[in-house]
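Just the heavy atoms: all of them, side chains too, but no hydrogens, waters or symmetry mates, feed the values below. For ligands, and for the atoms within them, numbers begin at 1 and follow the listed sequence.
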Amino acid sequence: MRKYEHIFFDLDHTLWDFETNSRETLRDIYQELALPAYGVADTEIFISTYHHHNEIFWDRFRKGFITREELRWKRMWRTLLDFKIMDEPLARRISERYLEILPTKKNLFSDTVEILDYLTGKKYVLHLITNGFEKTQHEKINNSGIAHYFTHVITSENAGIMKPHKAIFDYALEKAGVLSHQSLMVGDTLDADIIGAIGAGMDSVYFNPAVPATGTIKPTYTIDNLSELKKYL
Ligand SMILES: [Mg+2]
């Protein structure tokens with residue numbers, strides 16, 4: 001008997017090309033809301049400033065220091081401050097449009113569909129465990145055409161808890177009706193996907209060529225691209 005039967009994937013930055021999709025969304029907003037008129041002179045600087053603050057606010061949200069609502073508009077408010085713009089209604093408007101436009105974007109990594117087809121062909125049962133909002137994450141997988149690959153889609157919103165907490169992995173395993181040692185978690189974030197999988201007794205695949213795994217956190221496998229999963233599955 002083979003070791004793994006169920007494969008749990010993270011979504012953002014693992015299957016769905018968050019970076020590219022987010023950039024496209026921010027470029028759309030930059031035009032639509034005429035940000036140059038407010039003094040935001042450069043799209044690319046606007047985008048990198050936003051991504052910088054988004055990381056910081058997501059970290060605070062994960063740790064429970066701020067609410068979902070605060071995360072949504074304050075990351076944009078803080079971005080505008082860097083351009084000397086103090087305009088809460090504008091921050092809220094951008095945030096609203098960002099959440100509306102982002103999940104309509106369709107960019108996946110180049111080998112996402114190929115690997116999902118490969119694993120489905122080999123009769124692995126596939127699921128998602130994603131820290132994100134229920135409506136948003138479902139829109140992303142529907143619009144990018146990958147929803148049909150997954151039996152269960154576990155979002156932190158429907159589970160009521162986020163990765164890396166053990167409870168969301170336990171919840172996912174229970175829903176899938178599978179034991180932890182027959183399951184594999186694939187994700188790009190050490191602090192969420194890999195630490196979480198280890199805590200839940202699951203083997204893990206760390207997919208992130210940019211940030212090597214550090215000494216204390218030991219994923220079972222490390223890959224540079226999704227196609228490399230074929231070596232293990
Ligand atoms: Mg991710």
Side-chain angles (χ1 to χ4, degrees), residues 7-26 47 50-63 68 71-72 75 98-99 102-103 105-113 115-116 119 126-144 146-147 149-150 152-159 161-169 171-172 183-200 202-214 217 219-229:
I7 316 299
F8 295 81
F9 281 95
D10 168 55
L11 181 62
D12 293 335
H13 302 282
T14 296
L15 299 174
W16 195 79
D17 187 351
F18 188 95
E19 184 77 20
T20 302
N21 290 320
S22 180
R23 282 178 176 277
E24 282 187 12
T25 303
L26 291 166
I47 291 171
Y50 171 76
H51 283 152
H52 169 73
H53 290 300
N54 182 49
E55 288 285 316
I56 296 169
F57 278 91
W58 255 100
D59 187 56
R60 287 184 197 160
F61 176 57
R62 260 196 298 270
K63 290 172 178 159
R68 183 174 84 169
L71 164 69
R72 284 179 165 180
R75 56 189 176 181
Y98 183 80
L99 292 168
L102 181 68
K105 298 294 180 186
K106 299 171 166 49
N107 295 289
L108 302 166
F109 289 113
S110 59
D111 46 4
T112 293
V113 167
I115 198 67
L116 294 175
L119 295 173
L126 311 182
H127 313 280
L128 288 173
I129 305 179
T130 166
N131 279 351
F133 309 122
E134 183 72 8
K135 184 168 165 279
T136 311
Q137 301 307 74
H138 277 280
E139 279 175 24
K140 287 176 187 171
I141 59 172
N142 285 326
N143 289 326
S144 61
I146 57 170
Y149 289 107
F150 306 105
H152 291 291
V153 176
I154 312 299
T155 67
S156 53
E157 193 178 29
N158 72 30
I161 189 145
M162 303 181 92
K163 294 180 285 187
H165 292 282
K166 185 174 181 290
I168 189 169
F169 293 90
Y171 175 77
S183 306
L184 187 65
M185 177 72 206
V186 183
D188 71 293
T189 305
L190 288 171
D191 288 348
D193 305 309
I194 307 306
I195 290 185
I198 292 169
M202 295 164 75
D203 280 0
S204 60
V205 179
Y206 178 51
F207 165 45
N208 190 337
V211 187
T214 57
I217 305 163
T220 319
Y221 314 101
T222 298
I223 58 173
D224 287 341
N225 58 67
L226 291 169
S227 302
E228 273 184 72
L229 282 175

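Under the side-chain hydrogen bond (donor to acceptor under 3.5 Å, both in side chains) criterion, Thr20 pairs with Asp17, sequence neighbours left out. Every side chain to side chain contact (heavy atoms under 4.5 Å, CB included) that Ala167 has, sequence neighbours left out, goes to Ile161. In this structure, the side chain to side chain contact (heavy atoms under 4.5 Å, CB included) partners of Ile195, at least two apart in sequence or on a different chain, are Pro164, Asp191, Ile217.
Screening the protein for N, O or S atoms under 2.8 Å from the Mg ion (ligand 1) yields 3; no waters enter the count.
Counting heavy atoms from C-beta on, the side chains of His165 and Tyr171 never come closer than 4.5 Å. A 4.5 Å side-chain heavy-atom check between Leu229 and Tyr221 finds every atom pair outside the cut-off.
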Tyr149 and Phe9: CA distance, side-chain angles, deciding distance, ring pair (Phe, Tyr, Trp, His ring centres under 6.0 Å) verdict: CA-CA 11 Å; Tyr149 289 107; Phe9 281 95; 9.7 Å; no
